[in-house]
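Before any comments, here is the structure.
Keep in mind that what you see is a predicted model, and the values were worked out from it rather than measured.
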Amino acid sequence: MSRGEESFSFRKVSRPYHLYRHGSEQSLGSVGQAKFFSRTLHMNLPAEFDAAFQVFLLTLLLSLTFENLESLTRY
């Protein structure tokens, strides 16, 4: 995903997903479930990301989660 000239990626190191700048190995923060049996989503991102971008990231993560669940139920 990108924002302006910057590119980012989600990586699932553990719970939750971590956000990285393209070409960097340093996590910028995290988005997602902190615990497996929790329904609560957490977002820990730097202040440089405005609210609209944070909502976009959360929506993207929810979409990825539902895609993963759907693929599990196919088999």
Side-chain angles (χ1 to χ4, degrees):
M1 78 201 81
S2 28
R3 181 184 83 160
E5 298 295 318
E6 295 181 292
S7 294
F8 302 92
S9 64
F10 272 135
R11 296 183 200 161
K12 190 169 185 178
V13 178
S14 63
R15 246 173 237 295
Y17 283 85
H18 286 263
L19 182 68
Y20 292 84
R21 247 186 203 96
H22 181 70
S24 175
E25 293 301 316
Q26 183 177 357
S27 173
L28 296 170
S30 59
V31 179
Q33 285 178 292
K35 297 178 183 177
F36 183 74
F37 292 108
S38 172
R39 292 184 182 186
T40 306
L41 296 174
H42 297 272
M43 190 174 300
N44 181 14
L45 296 172
E48 72 181 86
F49 299 119
D50 58 13
F53 188 65
Q54 290 185 33
V55 169
F56 167 75
L57 292 176
L58 187 59
T59 304
L60 180 62
L61 179 67
L62 285 170
S63 176
L64 289 171
T65 301
F66 284 119
E67 281 181 21
N68 289 339
L69 286 172
E70 188 176 291
S71 69
L72 289 174
T73 59
R74 288 184 196 156
Y75 301 103

How would you list, by chain and number, every residue that makes a side chain to side chain donor-acceptor pair (under 3.5 Å) with Ser7, sequence neighbours excluded? none

Would you tabulate the side-chain donor-acceptor contacts of residues 43-58 under 3.5 Å, counting partners in other chains and residues two or more places apart, or write 'none'?
from, atom 1, to, atom 2, distance (Å)
Glu48, OE2, Arg21, NH2, 2.5
Asp50, OD1, Phe53, N, 3.0
Gln54, NE2, Phe49, O, 2.8

Is the shortest side-chain heavy-atom distance between Lys12 and Phe10 below 4.5 Å? no

Counting only heavy atoms not in Glu6, do more than 12 sit closer than 6.0 Å to its CD atom? yes

Working note: Met1 + Leu60, criterion side chain to side chain contact (heavy atoms under 4.5 Å, CB included); need CA distance, chi angles, decisive distance, verdict. CA-CA 10 Å; Met1 78 201 81; Leu60 180 62; 3.7 Å; yes

As an exercise, state the distance from CZ of Phe8 to OG of Ser24, rounded to the nearest 0.5 Å. 10.5 Å

Atom pair CG/OG of Leu19 and Ser27 - distance to nearest 0.5 Å: 7.0 Å

Interatomic distance, Tyr17 atom OH to Leu61 atom CG [nearest 0.5 angstrom]: 6.0 Å

Could you list all the salt bridge (charged side-chain N to carboxylate O under 4.0 Å, His left out) pairs where at least one residue sits in residues 22-34, not counting sequence neighbours? Arg11-Glu25

